[in-house]
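Working notes for the structure below.
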Amino acid sequence: MSVGRREALDSCRRTEAGRALFGLLPVFLAVLCLLACGKKAEPSPRKIKVGIAVYDQYDTFISELIQCFDGCVQKRREEMTTVLFNAAKSQQTQDKQVRQMIEDGCDVICVNLVDRTAPTKIIDLAKKHGVPVVFFNRELVEEDLFRWDRLYYVGADAFQSGMLQGKIAAESCRENPQVDRNGDGSIQYVVLEGEVGHQDAIVRTEYCVNTMLNAGLHLEKLGYVLANWNRLQAQTQVSQMIARYGDRIELIMSNNDDMALGAIDAYKEEKIERERWPLIVGIDGTVPGCRAVIDGEMAGTVYNDNRGQAEAMFELVCAIGLQEPMERYRLINGKYIRLPYQKVTKENAETYLNRKQH
Ligand code: BGC
């Protein structure tokens, strides 16, 4: 075949192929279109809004808890936003705040009730608008929690903290017989009580006392004061007790660390030398609480795992709002998550302090 003829033939084949290809174009386009239409558009990642209502933002334990919760949120910033409200100890204010959160479109609400016996307005509102609520730290009664299947509670078992506090106090009394300063075979004590009606207040005191009695110690109660979990209130009250009882106080049983620290402030303020201080025990294992244990100012405290509670609350919020499976925490009766307490003494206080700070 001559070169000229081969070229003519090739050119003819190319045109035929081109024509065939051109003919297939509509089919090709149709397939492309089908593929494009058939494949659902990627859902844009859902961002949820979480509302948090605290009874008092200046409460040390609660502010540490919120800080931890915030730490969890920071890692998932693209999936959620949060709004925080401080009720400043008014249930009425908190009810209004929850209403506002619902109106603002919050998908999940976490509530640290002011009055744990008055959750009705919040529950009714949440139920009406279908917004699930995770209550935390201030425990509502079971009957209220079971009023709707989308209500939950995250916290701890008060009796356990009292028992552990009693153990710490009993062990310290055994190891240091000089705690019984007047040597009458009985420990004279005072109680710093948290708050009227709070599940952690009365129960902690009761279990602490009973644990000490069961350990074979003799106790004599000199007095008790309500200091509302607050350091300054405790300082004032303890100053008055020092004036009244002086050296007779051998043990101060405090329902939380902040009040125990208030007692220490009072002894410092009164310029009473350390050897004359009574044994002081707290509960919470807050940062300043752990430090006081390390410094030997407090005999011990009980770790109230606010980091664990914040993480559990976060996991629950993700489960409810983002339909994620619960991995680390388990709901008891489909409702409760309770974190265990732990004993903190001079030997392990550093570990707990580090846990808080990382
Ligand atoms: C903590 C206290 C805190 C209170 C607030 C208790 O569980 O031990 O420190 O002030 O909760 O509700």
Side-chain angles (χ1 to χ4, degrees), residues 52-69 86-91 94 110-119 134-141 153-166 168 191-208 225-235 237 252-264 280-293 298 300-310 312-313 336-344 352 356:
I52 305 150
V54 296
Y55 92 104
D56 174 17
Q57 71 176 13
Y58 299 107
D59 179 301
T60 310
F61 176 82
I62 296 297
S63 64
E64 282 187 6
L65 191 153
I66 295 302
Q67 224 176 312
C68 291
F69 187 82
N86 173 25
K89 299 189 183 167
S90 155
Q91 189 57 58
Q94 190 169 66
C110 302
V111 180
N112 177 222
L113 283 166
V114 176
D115 180 351
R116 67 186 195 94
T117 63
V134 179
F135 292 97
F136 64 101
N137 168 260
R138 299 164 76 89
E139 187 169 349
L140 58 176
V141 294
Y153 178 75
V154 176
D157 267 324
F159 77 91
Q160 197 194 14
S161 53
M163 262 168 51
L164 295 176
Q165 187 180 48
I168 295 172
V191 178
L192 303 184
E193 201 169 287
E195 191 184 346
V196 184
H198 192 299
Q199 84 276 350
D200 290 340
I202 304 150
V203 176
R204 281 177 180 171
T205 309
E206 186 188 323
Y207 277 82
C208 180
V225 288
L226 264 173
N228 296 306
W229 309 116
N230 183 279
R231 184 166 179 164
L232 206 60
Q233 285 187 35
Q235 181 185 345
Q237 302 264 26
I252 295 186
M253 216 180 262
S254 174
N255 281 174
N256 80 343
D257 282 356
D258 260 12
M259 295 187 295
L261 292 163
I264 292 169
I280 301 173
V281 281
I283 292 180
D284 274 344
T286 55
V287 171
C290 287
R291 289 210 178 106
V293 174
M298 229 198 270
T301 181
V302 178
Y303 187 61
N304 187 0
D305 189 359
N306 49 5
R307 173 173 222 132
Q309 289 164 31
M313 201 160 91
Y336 292 95
I337 301 180
R338 292 187 195 279
L339 276 288
Y341 285 100
Q342 277 138 40
K343 257 172 34 179
V344 182
Y352 285 94
K356 292 264 159 151

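Numbering starts at 1 and runs along the sequence shown. Atoms within each ligand, like the ligands themselves, are counted from 1 in listed order. Hydrogens, waters and symmetry mates play no part in the numbers below; they use all other heavy atoms, side chains included.
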- Check whether any side-chain heavy atom of Phe61 lies under 4.5 Å from a side-chain heavy atom of Asp258, and answer yes or no.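 Not touching, per the 4.5 Å side-chain cut-off.
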
Give the residue, atom name and distance (to 0.1 Å) of the protein heavy atom nearest [atom].
atom: atom 5 (C) of ligand 1; value: Asn137 OD1, 3.3 Å
atom: atom 7 (O) of ligand 1; value: Asp200 OD2, 2.6 Å
atom: atom 8 (O) of ligand 1; value: Asp284 OD1, 2.6 Å
atom: atom 3 (C) of ligand 1; value: Asp59 OD2, 3.4 Å

Has ligand 1 got any nitrogen or oxygen that is less than 3.5 angstrom from a nitrogen or oxygen of [X]?
X: Tyr341; value: no
X: His198; value: yes
X: Arg138; value: yes

Where do [X] and [Y] come nearest, in terms of heavy atoms and distance?
X: Val302; Y: Ser161; value: CG2-O, 3.8 Å
X: Asn255; Y: Gly194; value: OD1-N, 3.0 Å
X: Pro340; Y: Asp305; value: O-CB, 4.1 Å
X: Asn304; Y: Gln309; value: OD1-NE2, 3.0 Å

- Message: Among Trp229, Phe136, Tyr58, which one puts a heavy atom closest to atom 4 (C) of ligand 1?
- Response: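 Going through Trp229, Phe136, Tyr58 one by one, Trp229 has the nearest heavy atom to atom 4 (C) of ligand 1.
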
- Task: Determine, step by step, whether Gln94 and Gln91 satisfy the side chain to side chain donor-acceptor pair (under 3.5 Å) criterion, reporting the C-alpha distance in whole Å, the side-chain angles of both residues, the deciding distance to 0.1 Å, and the verdict.
- Result: CA-CA 5 Å; Gln94 190 169 66; Gln91 189 57 58; 3.3 Å; yes

- Message: If we set the cut-off at 4.0 Å for heavy atoms, which region of Thr286 has an atom near ligand 1: side chain, backbone, both, or neither?
- Response: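 No part of Thr286 comes within reach of ligand 1.
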
- If you measure from each non-hydrogen atom of Arg204 to ligand 1, which part falls under 4.0 Å: side chain, backbone, both or neither?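 For Arg204, the contact with ligand 1 is made by the side chain alone.
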
- Asn304 neighbourhood, listing ligand 1 atoms whose heavy-atom distance to it stays under 4.0 Å: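 What qualifies from ligand 1 is 1 (C), 7 (O), 8 (O).
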
- Task: Compute the ring centroids of Tyr207 and Phe159, then answer whether they are less than 6.0 Å apart.
- Result: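 Aromatic pair counts; centres sit under 6.0 Å.
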
- Task: Check the angle between the aromatic planes of Trp229 and His198 and answer parallel, tilted or perpendicular using the 30° and 60° thresholds.
- Result: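 Ring orientation of Trp229 relative to His198: perpendicular.
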
